[in-house]
Amino acid sequence: MYIFRSMSPVSGLKRMQSCQKFVLLASPRTGSQALNSHLNQYDGMVMHGEVFNPSFVGLRHDYHEKMNLEREDVAARDADPDQFIAQIFDDPSARFVGFHIFPDQTRAAVLPVLEDESVKKLWLVRNPVASFVSLLEAEASGVWILHASEPLPAGDYRQKVHFDIDRFNAYLYELNLFRTKIRSVLFETGQPYFPIHYSDIADPLVGNAIIAYLGGDQRLDHFEIDIVKPPPRPFVERIENYWEFTAYFRAISSEALYAFG
């Protein structure tokens, strides 16, 4: 078992001001990694990814060595999740420290973080249909991220996908459940949150507002773009069973579309 390495300063040195802790509430294919890349361009920002992903430990790339924890070492993380979270937030080199929380990661270890009023909350959302279709496309092509510094994948990586209605219903149910749990915790503890929409993640004005919400004063007039979005296309060009898809949404009840609100 790995032992988490202390990142505290050497004894006798003056510790920096305590950093502002935060979490990003999001779900797959909402642009969380692009937002992560943008926010990490601010001074003093250490934003990790999905640190509680069931398959990997999503620390920022330069923190696996600092914390003596490899990306694959989920067993070491899960052996003492409370200590793991404490280690993430105990970062004297940072002014802001945060990580992502996704729907399948609202485990018991994360609940104290959600209830902690000293941990500020950012909430990123996207239209669930767009997120689900993007998820299907990523699964079908194997292309999950496009980097500006890399060439486009060879071949036709944007083929049409089959919109599985049963799977979408299950996806929407889990998303609704996740949002309900989060809202309940924030309401019961009287906590605000900063709302972010997928369409705004590349806007530096939004990034600046997030930093102001976290207590910082730095302002950027542009972001260095590392993760790029493919050119937008209408659903008719992306979904092979498009007419079944449209018929489903004509018939669906308003209650089932709770996650769209």
Self-check item: Partner set under ring pair (Phe, Tyr, Trp, His ring centres under 6.0 Å) for Phe52, not counting sequence neighbours
Solution: Phe84

Quiz item: Which residues pass the ring pair (Phe, Tyr, Trp, His ring centres under 6.0 Å) test with Phe163, sequence neighbours left out?
Solution: Phe132, Phe168, Phe245

Side chain proximity check, [X] to [Y], heavy atoms < 4.5 angstrom:
{"X": "Pro28", "Y": "Pro103", "value": "yes"}
{"X": "Lys121", "Y": "Leu186", "value": "yes"}
{"X": "Val125", "Y": "Tyr198", "value": "no"}
{"X": "Ile88", "Y": "Tyr63", "value": "no"}

Self-check item: Qualifying residues under side chain to side chain donor-acceptor pair (under 3.5 Å), relative to Arg29, sequence neighbours excluded
Solution: Ser134

Quiz item: In chain order, what residues pass the side chain to side chain donor-acceptor pair (under 3.5 Å) check against Tyr42, with sequence neighbours excluded?
Solution: Asn208

Nearest 0.5 angstrom please: [X] [atom1] to [Y] [atom2], how far?
{"X": "Leu25", "Y": "Ile101", "atom1": "CG", "atom2": "CD1", "answer": "5.5 Å"}
{"X": "Glu174", "Y": "Phe102", "atom1": "CD", "atom2": "CZ", "answer": "15.0 Å"}
{"X": "Leu122", "Y": "Leu214", "atom1": "CG", "atom2": "CG", "answer": "5.5 Å"}

Self-check item: Residue pair Asp43, Arg95: steps toward the side-chain contact (heavy atoms from CB on, under 4.5 Å) verdict
Solution: CA-CA 8 Å; Asp43 295 338; Arg95 174 67 182 88; over 6 Å; no

Quiz item: OH of Tyr173: more than 12 outside heavy atoms within 6.0 angstrom?
Solution: no

Could you check whether any side-chain N or O of [X] sits under 3.5 Å from a backbone N or O of [Y], counting only pairs where one atom can act as donor and the other as acceptor?
{"X": "Asp200", "Y": "Asp203", "value": "no"}
{"X": "His197", "Y": "Ser199", "value": "yes"}
{"X": "His48", "Y": "Gly98", "value": "no"}
{"X": "Asp73", "Y": "Ala76", "value": "no"}
{"X": "Glu188", "Y": "Arg183", "value": "no"}
{"X": "His100", "Y": "Leu24", "value": "no"}
{"X": "Gln20", "Y": "Val97", "value": "no"}

Quiz item: Sequence neighbours excluded, which residues qualify as side chain to side chain contact (heavy atoms under 4.5 Å, CB included) partners of Thr246?
Solution: Tyr242, Trp243, Arg250

Practice problem: For Gln41, check side chain to side chain contact (heavy atoms under 4.5 Å, CB included) against everything at least two apart and list the hits. | Solution: Ser37, His38, Leu220, Phe223, Glu224

Practice problem: Would you please say whether a donor-acceptor pair under 3.5 Å links the side chains of Asn241 and Glu244? | Solution: yes

Quiz item: Can you find a side-chain donor-acceptor pair between Asn169 and Tyr248 that sits under 3.5 Å?
Solution: yes

Exercise. Could you check Arg77 against Glu50 for salt bridge (Lys or Arg N to Asp or Glu O under 4.0 Å), going step by step and ending with a plain yes or no?
Key: CA-CA 12 Å; Arg77 172 199 67 194; Glu50 297 174 60; over 6 Å; no

Pairing of [X] and [Y] as salt bridge, 4.0 angstrom limit:
{"X": "Asp116", "Y": "Lys21", "result": "yes"}
{"X": "Arg238", "Y": "Glu137", "result": "yes"}
{"X": "Arg71", "Y": "Glu65", "result": "no"}

Quiz item: Taking the six-membered ring of Tyr193 as reference, does the NZ or CZ atom of Lys120 fall below 6.0 Å from its centre and within a 45° cone about the axis?
Solution: no

Self-check item: Ile85 and its side chain to side chain contact (heavy atoms under 4.5 Å, CB included) partner, picked from Val113, Asp90, Val51
Solution: Val113

Quiz item: Going through the distances and angles, do Val206 and Ile210 end up as a side-chain contact (heavy atoms from CB on, under 4.5 Å)?
Solution: CA-CA 6 Å; Val206 174; Ile210 293 171; 4.2 Å; yes

